[in-house]
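Nothing fancy with the numbering, it's 1 onward along the sequence. Since we're looking at a predicted model, the values are computed, not measured.
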Amino acid sequence: MSTPTSPASVPLLDFDEILTQIGEFGRFQRRNYLLICLPVLFAAANSLSYVFTAGAPTYRCLVPACDSLEAPDYGADWVSIAVPGRWNKQGHFTPDTCYKFVENKTDLEIPSSEQCTADNFTTYTERCWQFVYDGCERTIVQEWGLQCQENLWKLAFVGTTHFAGLVVGTALSGYLADRFGRKHVFLDCIVFMALTGVGQALAWDYISFLVFVFLNAVGTSGVYPLAFIIGVEMVGPRKREMSSIVLNYFYAVGEALLGLAFFLPNWRNLQLVLSLPPLVCVGYFWLVPESVRWLLARDRREQAGTIIRKVAKVNRRDISVELMASFKQQELEAQGVTSEEIAADITLVEQKDDQIWVAVKQVLSSHILMGRYAIMLFVWAVNAIVYYGLSLNATSLSGNKYLNFTLVCLVEIPGYSLAWVFLRRLGRRWALSGSLLLCSVTCVASGFVTMGANWLVVSLFLIGKLGITSSFAVIYTYTAEMMPTVIRSGGVGVMSTFARFGAMLAPFVPLLASYYEPLPLLLFGATSLVAGLVSLLLPETFHKKLPDTVEEAIALGK
C-alpha cells in the first residue's frame with residue numbers, strides 16, 4: 001500500500017503562473033480593485049475627520065456693551081478697541097480668543113456699536129465666558145465648552161486617542177486576517193468603522209466622543225492595509241507597483257473629501273456623511289472574493305479553483321485542464337494525511353518559530369544591524385510626526401482652511417508618483433534622503449515666511465507635504481529590503497507600530513504656534529533634516545538580492 005503524501009511534499013501552486021493564464025489585470029481584477037478602493041476613500045476621511053469635528057473654530061469674546069445679542073459680528077470695525085489682539089503686516093487684526101478689555105462703568109446698558117470708542121474701555125483685560133464665532137462652523141468646542149488655552153490639550157488628545165486606536169487596530173486586523181481570511185476581516189473592519197463613526201456623531205459628551213474615536217480608529221486601521229493585500233494578491237507581478245500606487249491615490253482623494261466640511265459646518269452632520277455610506281459595503285460579501293493566495297496557503301485549493309474559474313470566465317481567458325485537475329488532485333492528497341504526518345508538520349512549524357527567535361537574537365547581538373535599525377526607527381518616527389503634523393497644521397495656514405487642507409491632501413498624489421520615480425532612478429538611500437531633505441528645506445522656508453504672501457507660504461507648505469509623502473512611500477520598500485526573510489514581516493510591523501506611537505505626538509505640535517507662530521514648521525524642518533542626513537548612513541539595497549539570513553543582512557553595503 002502506498003503511503004499518503006504529506007502536505008509538505010505537495011508542491012504549492014504558483015499563483016503568479018496561474019495569473020499568466022487567467023490574466024494579470026483583466027476585467028475581473030479591475031472590477032474587484034475598484035470595489036476595494038471605494039471604502040478606502042471613507043477610511044482615509046475617517047482617519048482625519050477629527051481635524052474638523054474636534055477643530056477649534058475662529059472666535060473671540062462677546063462684548064456686551066457693543067455686540068448685538070441677536071446677531072453679533074465677529075469682524076466688526078470696533079473689535080480692535082474692545083478686544084486685545086495682534087496686527088499682521090497686511091494690516092489685518094486677529095483678536096484674542098478669551099480676553100477682552102475691561103469696560104468703563106459709565107457705558108450705556110443698551111448695546112450699540114456707535115458707543116464703542118476707545119474712551120469706553122480701559123487698558124486692563126479680563127477673562128470672558130461668552131463668545132462670538134466667525135461663520136456657522138460648529139465643532140465639539142461649542143458643544144461641550146472646550147474654548148480657550150486650558151482646553152487645547154483636550155482637542156489635541158482626540159488625535160492622540162485616534163492614533164492609539166490605530167496601533168491596536170493595525171496589530172489586531174493583521175493577525176485576524178492571517179488566521180480567518182482577508183475578505184471577512186476586511187468587511188468587518190468596514191462595518192465597524194461605519195458604526196463607530198455614527199457613534200461619534202451621536203456622542204453625548206467628551207468622554208463618549210473619545211471612546212468612539214478610539215473604536216473608529218481600530219476599525220479604520222484595518223481597511224487600507226487589507227485592501228492593499230487583497231488588491232496586490234490578485235494581480236500579476238508586473239501590475240503590483242501600479243496597484244499599490246493607485247490605492248494610495250484613492251487614499252489621498254479620501255482625505256481631501258474632508259474639504260466637504262465647508263458645506264457641512266455642523267460636526268455631527270459631517271461625521272454622519274463620512275460614516276453612513278460605507279455600510280453599503282455589506283454587499284461585498286457576495287461581490288469580493290477571498291484572496292486566492294491565502295486559500296492556497298491554507299490548503300483550501302477547491303475554493304481557490306472555484307474563484308480561478310470565475311476569474312478566467314470574466315476575463316474571457318482559457319484555462320488549461322491540467323491546471324484545474326491539479327487543484328482537485330492536491331485537495332484529495334491533502335485529505336489523505338495521517339496523524340503522524342500532521343504531527344510532523346506541527347514539528348516543522350515549531351522549528352520555523354525557533355528560527356525566528358534565533359534570528360532575533362542574532363540581530364540583537366549585531367551592533368551593525370542594531371545601528372541600522374535604530375536609524376530606521378528614528379526615520380519612521382520622524383516620517384509619522386511630520387506627515388500627520390503637516391496635515392493637522394494645514395488648517396492653521398492663512399487663507400481658506402478648507403481649501404488649504406484639500407490641497408495638502410491632494411498633493412500626496414504627485415508625492416507617491418515622485419517616490420515611484422525616485423525608487424527607480426535614484427535607488428533607495430538617496431530616494432529616502434532626498435525626499436526628507438526636500439521636506440526639510442520647504443518647511444523651514446515656509447516657517448520663515450509665515451507672515452509673507454499667502455500663496456508663497458501655501459506653495460512651500462505643499463512641497464513639504466509632497467516630500468514627506470514621498471519619504472513615507474519609500475521607507476516601506478527600503479525597510480523590507482534590509483530585513484532578513486525570516487523576520488521581514490515582523491520587522492516592518494515593528495517599525496510601523498513605532499511610527500504610530502510617534503504619530504501620537506503630532507496633534508500636539510501645532511499647539512507650539514501659540515508660543516511662536518513658525519515653531520511647528522521649523523520643528524518639522526529640523527527633524528526632517530536630521531532624518532535625511534542620518535539615512536545616508538544606511539546601505540543601498542537597490543538591485544541587491546533580498547537577504548534571507550541575518551548574515552546576508554549584515555553583508556549589505558559591504
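Using a 4.5 Å heavy-atom threshold, the side chains of Arg60 and Asp96 count as separate. Taking 4.5 Å as the limit, every side-chain heavy atom of Ser173 sits out of range of all side-chain heavy atoms of Phe186. For the pair Val411 and Ile463, the minimum side-chain heavy-atom distance is 4.5 Å or more. Between Phe378 and Val530 the shortest side-chain heavy-atom distance falls below 4.5 Å. Using a 4.5 Å heavy-atom cutoff, the side chains of Phe405 and Leu48 are in contact. Within the 4.5 Å cutoff, side-chain heavy atoms of Ser49 are placed close to those of Gln271. In this structure, the side chains of Tyr224 and Asn248 come closer than 4.5 Å at one or more pairs of heavy atoms. Residues Pro507 and Tyr388 form no side-chain contact, since every pair of their non-hydrogen atoms from C-beta on lies 4.5 Å or further apart.
Only one option out of Tyr50, Trp267, Trp204 pairs with Phe209 in a ring-ring contact (aromatic ring centres under 6.0 Å, His included); it is Trp267. Among Leu418, Val408, Ile413, the one residue that satisfies the side chain to side chain contact (heavy atoms under 4.5 Å, CB included) test with Leu466 is Leu418.
Legend: residues meeting ring pair (Phe, Tyr, Trp, His ring centres under 6.0 Å) with Tyr478, ordered by chain and number and at least two apart, are absent. With sequence neighbours left out, the salt bridge (Lys or Arg N to Asp or Glu O under 4.0 Å) criterion links Glu255 to no other residue. Residues that satisfy the ring pair (Phe, Tyr, Trp, His ring centres under 6.0 Å) test with Tyr133, not counting sequence neighbours, are Tyr59. Looking at residues two or more places apart in sequence or on another chain, you find no salt bridge (Lys or Arg N to Asp or Glu O under 4.0 Å) involving Arg429. Legend: residues meeting salt bridge (Lys or Arg N to Asp or Glu O under 4.0 Å) with Glu143, ordered by chain and number and at least two apart, are Arg138, Arg268. Taking the salt bridge (Lys or Arg N to Asp or Glu O under 4.0 Å) definition, one finds that Arg127 meets it with Glu150, sequence neighbours left out. Cys128 meets the disulfide (SG to SG under 2.5 Å) test with Cys61; sequence neighbours excluded. Listed by chain and number, the residues in a ring pair (Phe, Tyr, Trp, His ring centres under 6.0 Å) with Phe498 amount to none (sequence neighbours excluded). Shown here are the ring pair (Phe, Tyr, Trp, His ring centres under 6.0 Å) partners of Phe42, two or more places apart in sequence or in another chain: there are none.
Environment of CG in Asp77: sparse, with no more than 12 heavy atoms of neighbouring residues, nucleotides or ligands closer than 6.0 Å. The number of heavy atoms from other shown groups lying within 6.0 Å of CH2 (Trp144) is above 12. Environment of CD in Gln130: sparse, with no more than 12 heavy atoms of neighbouring residues, nucleotides or ligands closer than 6.0 Å. Counting non-hydrogen atoms of other residues, nucleotides and ligands closer than 6.0 Å to OH of Tyr516 gives a total of 12 or fewer.
To the nearest 0.5 Å, atoms OG1 (Thr53) and CG (Leu258) are separated by 9.0 Å. Between Leu152 atom CG and Gln147 atom CD the span is 10.5 Å, to the nearest 0.5 Å. Note that the CD1 atom of Ile81 and the SG atom of Cys66 stand 8.5 Å from one another [nearest 0.5 Å]. In this structure, the separation between CG on Asn151 and OH on Tyr206 is 9.0 Å, given to the nearest 0.5 Å. With rounding to the nearest 0.5 angstrom, the CG atom of Leu536 is 10.0 Å from the CD1 atom of Ile375. Leu279 contributes atom CG, which lies 5.5 Å from atom CG of Leu195 (distance to the nearest 0.5 angstrom).
Thr527 contributes a side-chain N or O that, together with a main-chain N or O of Phe524, makes up a donor-acceptor pair within less than 3.5 Å. Of the possible polar contacts, one joining the Thr122 side chain to the Val102 backbone as a donor-acceptor pair under 3.5 Å is found. Checking side-chain atoms of Tyr33 against main-chain N and O of Leu247 turns up a donor-acceptor pair under 3.5 Å. Between the side chain of Tyr416 and the main chain of Ala252, no donor-acceptor pair closer than 3.5 Å is present. In this structure a side-chain-to-backbone donor-acceptor pair under 3.5 Å is missing from Ser440 to Leu436. Judged by distance alone, the side chain of Ser535 and the main-chain N or O of Gly532 form a donor-acceptor pair under 3.5 Å.
Here side chain to side chain donor-acceptor pair (under 3.5 Å) pairs that include residues 374-385, with residues two or more places apart or in two chains, are Trp380-Thr479, Asn383-Ser471. For residues 44-56, no pair satisfies salt bridge (Lys or Arg N to Asp or Glu O under 4.0 Å), with sequence neighbours left out.
Of all heavy-atom pairs spanning Leu187 and Cys281, the tightest one is CD2-O, 3.8 Å. Scanning all heavy atoms of the two residues, the minimum distance from Ser221 to Val218 falls at OG-O, 2.8 Å. Contact detail for Ala45 and Leu274: the closest heavy-atom pair is CB-CD2, 3.8 Å. Closest approach of Thr139 and Pro57 over heavy atoms only: OG1-CD, 3.6 Å. Nearest approach of Thr220 to Ala43, heavy atoms of both residues: CG2-O, 3.2 Å. The minimum heavy-atom distance linking Pro39 with Tyr284 is given by the pair CD-OH, 3.7 Å.
Using cut-offs of 30° and 60° on the angle between ring planes, the pair Tyr387 and Phe472 is perpendicular.
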task: Check step by step if side chain to side chain contact (heavy atoms under 4.5 Å, CB included) holds for Glu103 and Val63.
output: CA-CA 9 Å; Glu103 302 168 15; Val63 183; 3.7 Å; yes
- prompt: Checking side chain to side chain contact (heavy atoms under 4.5 Å, CB included) for the pair Thr125/Phe101: CA distance, chi angles, key distance, verdict?
  reply: CA-CA 4 Å; Thr125 60; Phe101 289 123; 3.8 Å; yes
- request: Take Leu34 and Phe250 through the side chain to side chain contact (heavy atoms under 4.5 Å, CB included) test and state the conclusion after the steps.
  value: CA-CA 10 Å; Leu34 177 61; Phe250 272 85; 4.2 Å; yes
message: Assess the residue pair Val386 and Leu523 against the criterion (side chain to side chain contact (heavy atoms under 4.5 Å, CB included)); give the C-alpha distance rounded to whole Å, side-chain angles, the decisive distance to 0.1 Å, and a yes or no.
response: CA-CA 9 Å; Val386 177; Leu523 180 63; over 6 Å; no
Result block: side-chain N/O donor-acceptor pairs under 3.5 angstrom for residues 159-169, not counting sequence neighbours:
residue, atom, partner, partner atom, Å
Thr160, OG1, Met504, O, 2.9
Thr161, OG1, Phe157, O, 2.8
His162, NE2, Ser47, O, 3.0

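The pair Asp67-Lys100 does not count as a salt bridge, with every side-chain nitrogen at least 4.0 angstrom from each carboxylate oxygen.
Taking the six-membered ring for Trp and the full ring otherwise, Phe52 and Tyr402 have centroids separated by under 6.0 Å.
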